[in-house]
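Single-structure report; data block below.
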Amino acid sequence: DTSGSMSGVSMDQAKRALLMALDQLRSGDRFNIIQFNSVTDHLFGQTQKASSTNLQQARQYVNQLQADGGTEMAPALLAALHNQTDYQHVRQVIFITDGSVGNESALFDIIKQQLGKSRLFTVGIGSAPNSYFMRKAALFGRGSFTYISDVSEVKQKMSELFAKLESPVMMNVRVQFPANVDVEVWPARIPDLYQGEPLILAVKSSQPLHQLVIEGERQSAPWQATLNLQQGQSAKGIGVFWARSKIAALMDSLHEGADKNKVREDVVKLALNHHLVSQYTSLVAVDIMPTRPAHESLSSKNMPVNLPHGQQYQKIFGRLPQTATPAELNMLTGIILLMLAGLSIGYRRYAK
């Protein structure tokens, strides 16, 4: 992301992270770099081998990146998820951005429709990234979200991410439940399992579960194991955790064309039964103590707020129109003439 909101500290962090990513590539890997602001640009027309020549060209490309312009994220996502023809390699897309967008739903639709066999990993940059978008994009992309708030964290956070990307423990995970038991599992599409990262499922069953059969692909070979649940223990809050997971899945189903009225009905029912805040339910606190005399009217006004640390106003909101007209010179000339006119009036009064 090289849009204006990434200017300053965020851009420095992103470039360091990208250069570090290039250093992790090995001779058998293939890669490409896509930058976007108001337009989308590729380093290569298609992915290339991680040769020393291509890596050197990539480093030069990264070093000259500058933040400016708008944030047109959709074309970049489409470009990154396009041409998925190589099924011999794990295809991982690392998306580095502050997520400063307002069309999250449209972007989620692109990810869900175009993801294919790729995996999308989001890296949030800067002091105030759009964490909602970043986490959801990683969820729909079957990847994970990494947040980098300070330049000093780049090496540690990116090293952890690369260690995870280089060692997927298991892909295409599936859980086999007993045939005579009705279950609801969230998330319905189980994510991949990575080293050092747990895989958590919320399950509601019509009968107690004594064991599960887990299947998947480990190092491109089938894998299976039986998990004994008889030693499990009861704990508070599991029902609420399951309800939260189902509500999140119901809201996500709107991006797949689910009926809005049916989703709202199901979410409201779940939220009320489990006393949860959702998009359609809230907790309301009523303060009976008056804070304003009844005869005084209410007033409202806009409150100024500061930009997130590291962002630059002109890079985001722009400057005066940069056209071929001498607008700035005319303004300066006008100000000087006004000052001269004021001095002239003052001199005449003094002379009288």
Side-chain angles (χ1 to χ4, degrees), residues 71 73-74 77 95 97-115 119-124 126-147 149 173 175 177 181-192 197-207 209 232 234-288 300 303 305 308:
T71 309
M73 199 174 287
L77 272 176
F95 194 14
T97 177
D98 61 356
S100 183
V101 293
N103 60 332
E104 290 100 336
S105 294
L107 297 173
F108 294 152
D109 292 341
I110 291 175
I111 296 171
K112 292 182 76 70
Q113 295 167 10
Q114 304 294 327
L115 182 67
R119 300 293 185 265
L120 179 65
F121 298 84
T122 56
V123 179
S127 58
N130 185 342
S131 296
Y132 167 76
F133 168 74
M134 306 292 280
R135 292 184 185 281
K136 282 293 184 182
L139 174 65
F140 293 143
R142 303 182 71 179
S144 63
F145 167 54
T146 300
Y147 173 43
S149 62
V173 180
V175 179
F177 295 94
V181 178
D182 295 329
V183 297
E184 281 190 68
V185 184
W186 309 107
R189 184 172 65 174
I190 301 175
D192 296 336
E197 186 170 292
L199 181 56
I200 301 176
L201 303 179
V203 181
K204 179 181 179 182
S205 62
S206 59
Q207 300 178 33
L209 298 174
S234 299
K236 295 181 179 180
I238 295 178
V240 173
F241 174 74
W242 173 85
R244 289 186 187 277
S245 302
K246 183 172 182 178
I247 289 174
L250 287 170
M251 296 304 301
D252 292 343
S253 70
L254 294 174
H255 301 291
E256 299 175 340
D259 182 79
K260 293 183 179 180
N261 293 328
K262 183 65 168 60
V263 169
R264 178 187 176 92
E265 179 183 345
D266 292 342
V267 169
V268 169
K269 182 178 180 180
L270 270 171
L272 292 179
N273 287 341
H274 293 272
H275 307 287
L276 296 174
V277 174
S278 70
Q279 186 169 341
Y280 310 117
T281 57
S282 301
L283 299 177
V284 180
V286 180
D287 187 354
I288 62 174
S300 63
M303 297 295 294
V305 295

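In this text the structure is predicted, and so the values were computed from the model without any measurement. Along the sequence shown, the residues carry numbers beginning at 1.
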Check salt bridge (charged side-chain N to carboxylate O under 4.0 Å, His left out) between K269 and all other residues, then give those that pass, not counting sequence neighbours.
none
D182/S205 under side chain to side chain contact (heavy atoms under 4.5 Å, CB included): CA gap, chis, key distance, verdict
CA-CA 6 Å; D182 295 329; S205 62; over 6 Å; no
Please find the pair of heavy atoms, one from [X] and one from [Y], that lie closest to each other, and give the distance.
| X | Y | result |
| --- | --- | --- |
| A137 | T122 | CB-CG2, 3.9 Å |
| S278 | A271 | OG-CB, 4.0 Å |
| V173 | P191 | CG2-O, 4.0 Å |

Atom OG in S144, atom CG in L139: separation rounded to 0.5 Å?
11.0 Å
Quick check for you: to the nearest 0.5 Å, what is the distance between I110 atom CD1 and S105 atom OG?
11.5 Å
Report the C-alpha separation of V203 and W186 in whole Å, then their side-chain angles, then the decisive distance to 0.1 Å, and conclude whether the side chain to side chain contact (heavy atoms under 4.5 Å, CB included) test is met.
CA-CA 7 Å; V203 181; W186 309 107; over 6 Å; no
Using only heavy-atom distances, determine whether the side chains of N130 and E104 contain a donor-acceptor pair under 3.5 Å.
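Side-chain D/A pair, N130 to E104: present.
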Could I get the full list of side chain to side chain donor-acceptor pair (under 3.5 Å) partners for [X], not counting sequence neighbours?
| X | value |
| --- | --- |
| R142 | none |
| K262 | D266 |
| E184 | K246 |

Check step by step if side chain to side chain contact (heavy atoms under 4.5 Å, CB included) holds for F121 and F95.
CA-CA 6 Å; F121 298 84; F95 194 14; over 6 Å; no
Which pairs pass salt bridge (Lys or Arg N to Asp or Glu O under 4.0 Å) with one or both residues in residues 127-136, sequence neighbours excluded?
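Those involving residues 127-136 are K136-D252.
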Under 3.5 Å: donor-acceptor pair, side chain of R189, backbone of F140:
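Yes, R189 side chain to F140 backbone: donor-acceptor pair under 3.5 Å.
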Any side-chain to backbone donor/acceptor pair from T281 onto L276? Under 3.5 Å, distance only.
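Present.
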Apply side chain to side chain contact (heavy atoms under 4.5 Å, CB included) to L270 and L250, showing your working.
CA-CA 11 Å; L270 270 171; L250 287 170; 4.0 Å; yes
Once side-chain contact (heavy atoms from CB on, under 4.5 Å) is applied, do any residues pair with D109, and if so which ones, sequence neighbours excluded?
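Once residues adjacent in sequence are excluded, the partners of D109 under the side-chain contact (heavy atoms from CB on, under 4.5 Å) criterion are Q113, H255.
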Are any of the side-chain heavy atoms of [X] and [Y] separated by less than 4.5 Å?
| X | Y | answer |
| --- | --- | --- |
| F108 | F133 | yes |
| V123 | F145 | no |
| Q279 | I247 | no |
| V263 | M251 | yes |
| V183 | K204 | no |
| V175 | I190 | yes |

